[in-house]
Amino acid sequence: MDNNYPLHDIDYGTPKSVSEKTVTLEIDGFEVTVPQGTSLMRAAVVAGTQIPKLCATDSLEPFGSCRLCLVEIEGRKGFPASCTTPAEAGMVVRTQTPHLAELRRGVMELYISDHPLDCLTCAANGDCELQDMAGVVGLRDVRYGYQGLNHLKDQADTSNPYFTYDPSKCIVCNRCVRACEETQGTFALTISGRGFESRVSASESQPFMDSECVSCGACVNVCPTATLMEKTVIEAGQPDHSVLTTCAYCGVGCGFKADMKGSEVVRMTPWKDGKANEGHACIKGRFAWGYATHKDRILKPMIRKHITDPWQEVSWETAINHAASEFRRIQAESGVDSIGGITSSRCTNEESYLVQKLVRAAFRNNNVDTCARVCHSPTGYGLGQTYGTSAGTQTFKSVEKPTSS
Amino acid sequence: MSVKIYVPRDSAALAVGADEVAQAIEQQATARGIAIDLVRNSSRGLLWLEPLVEVAVGGQRLAYGPVTPEAVESLFEAGFLTGKTHPLAVGPIEAHPYLKNQERLTFVRAGITDPLSLEDYQAHEGFAGLRAALALSPADIVQQILDSGLRGRGGAGFPAGIKWKTVLQTNADQKYVVVNADEGDSGTFADRMVMEGDPFMLIEGMIIAGIAVGATRGYVYIRSEYPDAIFVMEEAVRRATTGGFLGKNILGSGKAFHIVIRKAAGSYVCGEETALLESLEGKRGIVRAKPPLPAIVGLFGKPTVINNVLTLAAAPYILSHGPKVYADFGMGRSRGTLPFQLAGNIRHGGLVEKAFGVTARQLIEDFGGGTESGRPLRAVQIGGPLGAYLPDSLLDTPMDYEALAAKGGVLGHGGLVVFDDTVDMAEQARYAMEFCAIESCGKCTPCRIGSTRGEEVIQHIQAKPAEAGAHAKLLRDLCSTMVNGSLCAMGSMTPYPVLSALDHFPEDFNLTAETHKAA
Amino acid sequence: MNSMTAREAQAVEAALSRFQDEQGALLPLLHAVQDTLGYIPKQATPTIASAFNLSRAEVHGVITYYHHFRQTEPAQHKLALCQAEACQARGCRSLTEKAEAALGCNLGEHTKDNRWELEPVYCLGLCASGPAMELDGKLYARVTPERLESLIRKKELS
Amino acid sequence: MNAEHLIKMANDIGAFFEAMPNREQATKDVATHIRKFWEPRMQKSLMVYLSTHGDAGLKDIVRDALREFHPA
Amino acid sequence: MFASRLKRRLRAGARLIVVDPRSIDLVSSPHIKADYHLQLRPGTNVAVINALAHVIVTEGLLAQDFVDQRCDVEAFNVWREFVARPNNSPEALEVMTGVPAAKIREAARLYATGGNGAIYYGLGVTEHAQGSTMVIGIANLAMATGNIGREGVGVNPLRGQNNVQGSCDMGSFPHEYPGYRHVSDDATRTLFEKDWGLSLRKEPGLRIPNMFEAAMDGSFKGLYCQGEDIVQSDPDTQHVIAALETMECIVVQDLFLNETAKYAHVFLPGSSFLEKDGTFTNAERRISRVRKVMAPKAGLGDWEVTVALSNALGYPMHYNDPSEIMEEVARLTPTFAGVNYDKLDRLGSVQWPCNDEMPEGTPLMHIDHFVRGKGRFLITQYVPTDEKITPKFPLLLTTGRILSQYNVGAQTRRTDNVRFHEEDRLDIHPQDAEERGIHEDDWVGISSRAGDTVLRARVTERMQPGVVYTTFHFPESGANVITTDNSDWATNCPEYKVTAVQVVKVKHSSEWQENYRKFNETQLRLLKEKVVAGAVATVNGH
């Protein structure tokens with residue numbers, strides 16, 4: 001299909017800085033200029049280098065917990081985390097040195113010492129950042145063994161109909177907790193306990209369905225492992241291609257990637273560059289798309305004489321000709337104005353346009369209305385009368401504009 | 001005229017029966033029909049002598065200690081009220097070499113005054129620093145702190161004046177002064193002694209900082225293990241407010257400052273400044289990534305001076321005596337004095353305030369009198385649970401941030417914990433990892449998982465001598481990951497005691513010279 | 001969901017009325033509840049969360065983070081023995097063994113009849129006079145095994 | 001069409017415009033609104049009803065506005 | 001979704017005024033606390049907006065410069081005189097609205113002086129007898145305070161359905177061509193007549209409620225209904241059904257046999273959004289592409305069905321692809337002149353107007369001047385709704401939706417979302433519940449002058465005393481059996497938000513529900529017993 005869109009977007013690690021001022025620095029010998037406030041991690045991506053990372057993702061504020069993204073900066077002691085260190089003019093940064101390699105391997109060795117070794121049968125196989133990073137840092141051995149204290153026996157929570165939470169695979173990167181706070185604003189997740197016992201907890205360490213979770217999927221979206229995972233992907237496996245589209249539920253019009261396996265949807269992922277939603281979504285668009293293949297779908301045209309009659313399944317041609325002849329008959333008997341049409345706010349612009357054209361040009365009257373009648377027709381009237389346009393005045397993003405005028 | 005008798009109420013005295021002693025003294029006095037004026041002072045820091053009872057006789061304070069309730073009757077019998085001798089007699093306390101040989105700038109009033117008496121405080125130079133500060137511009141106050149060379153006493157040793165300056169120069173509608181009184185290091189108790197023994201000094205230091213940087217609210221974050229300090233500080237804030245030293249109009253200056261005492265809830269990491277701020281905000285006390293610095297984005301997102309108790313407690317002296325007097329003490333970049341705390345297996349445990357530069361050996365032998373057990377000293381842990389264990393051979397190192405660091409040591413909060421030769425250093429190393437595992441906030445991976453693995457690896461070394469070499473290597477690699485990779489000192493310094501034990505006492509780790517070298 | 005007992009509700013209400021409007025005062029509130037009841041009832045989490053404009057998750061996260069806070073009723077007597085280095089240097093390890101033997105429960109546990117709980121504590125600030133401990137809120141230093149046994153006996157009789 | 005409904009709808013329109021200070025303009029606005037939004041059948045039904053039953057139920061402004069509409 | 005963005009801004013320090021009869025989550029939820037919750041009585045919106053305007057005018061909080069430069073000053077003066085009248089003061093309206101005057105005053109001051117002020121609203125504004133008046137009142141308020149024409153301000157309806165904006169833009173209203181041009185406008189009509197090759201009518205057509213009226217009258221007998229379930233979603237269900245039952249040919253095009261299809265004579269299978277190419281226009285006028293990820297399951301796309309019907313009716317339509325439909329829209333609609341699929345593919349999306357002047361679209365409207373030229377104030381006399389409480393119907397019912405369900409629920413009820421919202425419930429304040437002996441989970445009968453139904457009760461302090469609430473996601477709930485035929489004076493938008501009702505504890509479902517159950521069983525049986533393809537179709541006309 002020519003509609004294909006990359007399955008995985010580039011992850012810049014930290015959000016874009018909006019500063020108009022720029023700084024120029026050197027990363028691994030390459031000069032790069034970025035807006036002031038840009039993290040070293042993001043600047044590195046701009047310069048063409050992906051610094052290893054697990055807790056950072058560009059939809060969330062930097063957190064600095066995984067310690068894989070450490071770098072060396074000339075003239076500075078230690079190994080600052082590139083996600084939380086802003087780029088400064090004149091900095092000379094190295095993202096790959098033997099010492100950094102050793103450090104990253106050391107951290108990965110710790111991660112894997114408390115992680116199941118079931119990559120091949122894991123639902124995230126092929127789409128797991130932990131797996132990727134183990135490869136990137138060249139982890140070859142876990143000298144701690146696997147007999148130490150661990151969470152491998154933690155039980156998965158499958159209470160949510162759309163995704164599972166498997167704490168045995170959790171690396172406590174806090175991405176889910178932060179997404180629930182920063183992206184969704186529900187604060188349904190936290191970490192319970194501390195130290196080695198730190199565990200992602202829905203509300204009061206409850207099953208997700210009993211918690212404050214509203215199933216928006218933001219946590220699932222940012223999870224770098226198989227800890228929070230769509231059940232559809234667990235069942236069907238990883239998608240093989242992706243098509244950009246727009247959610248058909250509410251008036252926000254979220255951009256989505258339909259992640260496909262052949263002609264089957266396996267996941268709807270909110271599109272990062274969708275301007276209405278910027279990578280976020282709600283339970284409906286994210287998960288409630290199964291109706292499209294529901295057994296209740298009627299796939300053959302049907303006709304009947306009276307509503308007390310059984311339906312007759314017929315060909316498209318028969319059905320359409322029947323409808324047309326009925327309409328013509330009614331118009332002949334009761335006048336041109338005795339029929340009409342209703343367009344749907346659920347259908348596309350093109351479809352709505354055609355239905356109103358059908359009414360005006362083929363029915364030869366203006367008896368066309370839309371279900372917007374029963375919701376927003378006063379908006380159209382009121383704003384039309386006062387401002388001259390029957391529509392909202394701003395972009396959604398406008399709400400994020402600071403208060404001062 | 002009634003006789004003035006002093007019985008400390010510092011918790012180190014209370015824990016060994018000071019209240020019972022005070023009660024016994026009152027009973028005896030009543031029974032004998034003697035009028036006494038019993039003052040509950042604080043401790044002077046000669047803790048092996050607590051409860052240390054003092055009697056004011058002829059312009060001197062004569063001390064007896066350690067006094068038990070049972071010994072009180074004999075003290076009366078012996079005529080201690082007129083300074084007569086007794087087996088527990090210590091003599092004129094101020095002449096005691098332990099005290100006489102100190103350089104007390106911060107602990108100048110400790111044990112002398114009634115900690116909660118505003119009159120007593122002011123009679124002993126109290127609030128002189130504040131009055132001096134009120135006559136200065138904020139920038140001038142900050143300059144005096146800079147000139148004094150005062151460095152943060154919490155362990156990191158960052159110049160206090162630079163912090164203050166940053167806060168002063170950051171514009172905000174609200175700024176804060178936060179006192180880090182989460183003194184969780186084993187072997188340290190100087191903060192506690194300041195708060196219990198001279199709380200107005202800390203309050204005065206906070207007000208000075210507030211005026212200097214433009215903050216009107218202050219918080220004191222005190223660990224929940226210090227109930228007495230919390231009680232005394234709360235009472236002191238109440239009294240200082242009533243006395244016009246706190247509130248909307250400090251001493252009629254038109255400047256405002258309010259103090260809230262907050263109790264911690266059992267988290268060592270909350271002694272790290274950003275975790276402390278999280279905790280004050282009512283959150284999980286996990287460490288924030290820096291930048292931004294608390295001086296710019298601190299408590300509730302506002303510019304915040306966050307200093308240790310001893311740091312702020314030094315401010316009144318600097319302001320009242322001038323920065324030069326203070327800076328004249330010390331050595332190198334470590335200016336002024338540090339209240340050292342002698343703890344663990346030591347004969348004369350207590351608080352010794354000395355200028356930087358004194359050696360550990362001087363502290364332990366000259367002041368501390370060697371081990372309490374009388375057995376040979378084997379190791380001293382300096383700077384709390386994240387501090388290195390030093391063997392006897394390194395005890396002549398001067399106590400100065402840089403000089404100690406050069407020897408792999410950490411001055412930290414100035415606590416020295418002495419161990420005799422019965423100590424098992426592998427067990428001490430294991431404990432360091434265990435403590436980290438118990439207290440890790442869980443945010444960063446090297447600390448969260450590394451501490452648990454560290455404990456396991458050391459257990460392995462202890463249990464399987466044959467594999468000690470390979471595991472010692474793994475332990476060193478882990479320590480390197482923790483040192484270089486951790487987000488805060490909890491993870492990055494836990495390896496200090498571990499590695500120092502491994503380096504100086506390999507025999508305790510089942511290592512031979514050969515396997516030790518290989519690891 | 002179970003609701004709080006009248007006593008619990010009253011304690012939570014009283015604490016809320018003191019701290020609800022103070023910025024960031026979740027810890028003081030939790031302390032106040034625990035100081036009154038000896039623990040923070042699990043059922044109080046939703047009430048506290050809504051009063052503080054927090055989620056239940058956040059309150060839960062805070063309560064479980066701090067070792068001082070507990071959600072179960074404490075034993076009748078609490079003995080906390082310092083386990084930190086300064087007390088180690090002065091024999092806290094053997095003192096702990098004594099306590100475990102005397103009470104019949106391990107460190108970090110409580111007795112079967114819930115009359116005693118034996119907790120570790122990491123530094124009471126009595127490092128020059130260890131081993132130190134806290135028994136039902138009162139501090140003791142230079143504790144000898146004999147002294148510990150006599151204190152336990154005294155509590156048992158009371 | 002149900003005349004009662006139509007009268008109510010017309011009066012509701014009248015109620016909005018009658019608050020305007022310029023009565024002449026307001027009356028015109030009522031008429032314009034009906035013309036622009038009511039399908040001819042509705043306009044006609046109302047006019048027929050009024051011509052047979054009288055306009056007692058109408059607001060004054062609506063009555064004035066409807067003068068422009070000629071009964072079918 | 002939008003709430004997440006809004007809350008982010010609130011957490012960053014923005015202040016919030018909530019006007020809602022219910023204590024919704026936005027009033028108080030983690031890290032969100034409204035500065036003012038104006039908890040008005042349902043149906044008094046216009047009174048509240050007038051009171052807010054009164055405070056702004058009489059306390060000198062107007063953005064006079066903005067008004068002078070940007071608005072029709074004469075109309076403004078009329079408005080100012082109107083809202084300044086004592087009968088529009090918060091104090092005068094306090095008893096009626098139930099909102100303390102002082103709160104209104106403080107909220108008005110905050111909106112007028114708190115820096116950028118933006119208004120976001122949903123159906124609580126529009127679905128009233130005075131829905132249009134309220135929208136005008138909101139528009140007035142934004143102009144009076146200069147909160148229009150730059151980032152961070154504005155008037156923003158939040159649309160319930162994916163393409164509410166688009167279907168209106170596309171000329172779905174009986175009085176308007178695409179681009180909101182009246183059918184009586186000769187120039188526009190001529191344009192379409194030329195393009196479509198025939199003459200067009202200049203009188204407005206029937207609106208949905210008018211269609212029902214005309215059906216009852218016998219003058220409306222055939223309907224082509226694409227993707228809407230009027231039986232479940234329109235008010236006064238029994239009236240709607242009665243109207244449909246009189247009709248001779250109802251053609252329903254949908255994914256499922258929805259409630260309306262149960263009254264239909266022809267069922268044409270529809271396609272889901274996954275099966276179609278096209279565009280949706282969201283609440284911010286953003287036109288985004290919908291892309292086909294699978295072939296239409298029924299063989300034909302929705303647009304192809306409409307084309308086929310038109311062809312069968314003798315008006316031939318020729319399109320090879322939906323992009324050609326958009327080309328026609330662009331050709332005939334000035335605000336869409338610059339829209340085409342290539343551009344949408346390139347930019348991701350564009351916001352109309354998109355034309356030569358604004359080739360990449362218009363994120364922000366009314367920057368230097370209003371689209372109509374000068375902004376026009378209109379006075380907004382408060383007219384109480386006819387739905388008033390009486391001894392027989394002493395409570396006010398207001399209806400709405402819940403996050404996990406979508407409108408009539410035809411889709412979401414067929415997903416696991418039902419586990420988040422298994423049934424429609426009646427929310428009732430503890431005081432009202434106690435008076436009636438109602439406890440949580442009890443079955444309660446709700447009756448209005450339109451009809452009655454039975455739901456289970458949820459006793460909650462989110463409600464104010466005297467007001468009850470339910471959702472309408474499940475057909476068997478019959479929420480719209482209760483709602484009346486009252487509607488907005490200007491547009492006939494139904495007054496879903498105010499219905500006088502009584503609520504009593506009951507043991508059985510309502511008569512309507514019993515009838516519905518039987519009817520539904522019959523219809524499902526008729527579907528099951530359908531004569532399958534291959535059999536001879538012998539449906540003849542009348």
Side-chain angles (χ1 to χ4, degrees), chain B residues 11-12 14-16 47-48 50 183-189 191-193 223-229 260 262-268 279-286 299-300 341-346 349-351 372 381 384-385 415 417-420 423 428 431 435 438-439 441-442 497, chain C residues 19 22-32 34-35 40 48 52 54 58-70 80 82-93 108 119-135 137-143 147:
Chain B
S11 53
L14 296 178
V16 287
L47 296 175
W48 78 97
E50 294 293 355
E183 186 180 49
D185 287 355
S186 173
T188 64
F189 43 81
D191 292 352
R192 180 183 64 66
M193 288 189 65
R223 61 200 298 260
S224 55
E225 292 85 349
Y226 282 180
D228 295 315
V260 176
R262 281 285 180 85
K263 179 160 124 187
S267 163
Y268 179 76
S279 185
L280 269 183
E281 291 179 7
K283 301 176 186 162
R284 295 166 54 79
I286 63 170
L299 185 62
F300 303 118
Q341 299 123 86
L342 309 185
N345 194 336
I346 191 158
L351 184 128
E372 192 191 32
Q381 185 178 30
V417 178
V418 176
F419 292 81
D420 70 14
V423 68
Q428 293 309 116
Y431 170 78
F435 183 70
I438 292 166
E439 293 296 345
C441 80
Chain C
F19 292 110
E22 193 181 319
Q23 196 177 12
L26 183 56
L27 263 64
L29 173 107
L30 295 173
H31 275 301
Q34 184 160 314
D35 289 349
I40 301 158
I48 294 168
F52 273 73
L54 297 170
E58 289 172 286
V59 174
H60 176 71
V62 168
I63 293 174
T64 58
Y65 177 87
Y66 294 100
H67 287 180
H68 179 84
F69 295 134
R70 57 188 300 155
C82 180
Q83 301 294 312
E85 292 92 335
C87 286
Q88 289 166 11
R90 298 176 72 101
C92 77
R93 288 191 179 101
E119 290 294 322
V121 62
Y122 297 89
C123 194
L124 294 163
L126 305 173
C127 317
S129 8
M133 66 177 212
E134 189 182 339
L135 175 57
K138 192 171 168 11
L139 297 175
Y140 297 88
R142 293 184 209 135
V143 182
R147 176 111 172 96

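Residue numbers begin at 1 in each chain, while the letters A, B, ... track the order of the sequences. Remember, it's a predicted structure, so these values are computed and weren't measured experimentally.
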What part of [X] lies closer than 4.5 angstrom to a heavy atom of chain C: side chain, backbone, both or neither?
X         : answer
Asp420(B) : neither
Ile286(B) : both
Leu47(B)  : both
Ile438(B) : both

Sort out for me which of [options] touches chain C most, counting heavy-atom pairs under 4.5 Å.
options                                    : result
Glu225(B), Glu281(B), Gln341(B), Arg223(B) : Arg223(B)
Gly349(B), Ser11(B), Gly344(B)             : Gly344(B)
Gly285(B), Gly184(B), Ala343(B), Pro385(B) : Gly285(B)
Pro497(B), Gly350(B), Ala264(B), Gly442(B) : Ala264(B)
Pro227(B), Ala265(B), Ser186(B)            : Ala265(B)
Phe189(B), Tyr431(B), Trp48(B), Tyr268(B)  : Tyr431(B)

Do you know which of [options] has the most heavy-atom pairs under 4.5 Å to chain B?
options                        : value
Gly125(C), Cys87(C), Pro120(C) : Gly125(C)
Thr64(C), Leu139(C), Leu26(C)  : Leu139(C)
Val143(C), Leu126(C), Val59(C) : Leu126(C)

Part of [X] within contact of chain B (heavy atom distance under 4.5 Å):
X         : answer
Glu58(C)  : neither
Arg70(C)  : neither
Glu22(C)  : side chain
Val121(C) : side chain

Between Gln428(B) and Gln88(C), does a side chain to side chain donor-acceptor pair (under 3.5 Å) hold up when you go through it step by step?
CA-CA 9 Å; Gln428(B) 293 309 116; Gln88(C) 289 166 11; 2.8 Å; yes
Residue pair [X] / [Y], side-chain heavy-atom distance below 4.5 Å:
X         : Y         : answer
Asp191(B) : Met193(B) : no
Val418(B) : Leu342(B) : no
Arg284(B) : Tyr66(C)  : no
Ile40(C)  : Ile63(C)  : yes
Ser279(B) : Leu27(C)  : yes

Residues that Glu372(B) engages under salt bridge (Lys or Arg N to Asp or Glu O under 4.0 Å), provided they are two or more places apart:
Arg90(C)
So, the side chain of Glu85(C) versus the backbone of Gly187(B): is there a donor-acceptor pair under 3.5 Å, distance only?
no
With sequence neighbours left out, the residues meeting ring-ring contact (aromatic ring centres under 6.0 Å, His included) with Tyr226(B) are none
Which value, rounded to the nearest 0.5 Å, describes the distance between Ile48(C) atom CD1 and Leu54(C) atom CG?
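Atom-to-atom, Ile48(C):CD1 and Leu54(C):CG are 10.0 Å apart.
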Measuring from atom CD of Gln34(C) to atom CG of Leu29(C), what distance do you get when rounded to the nearest 0.5 angstrom?
11.5 Å
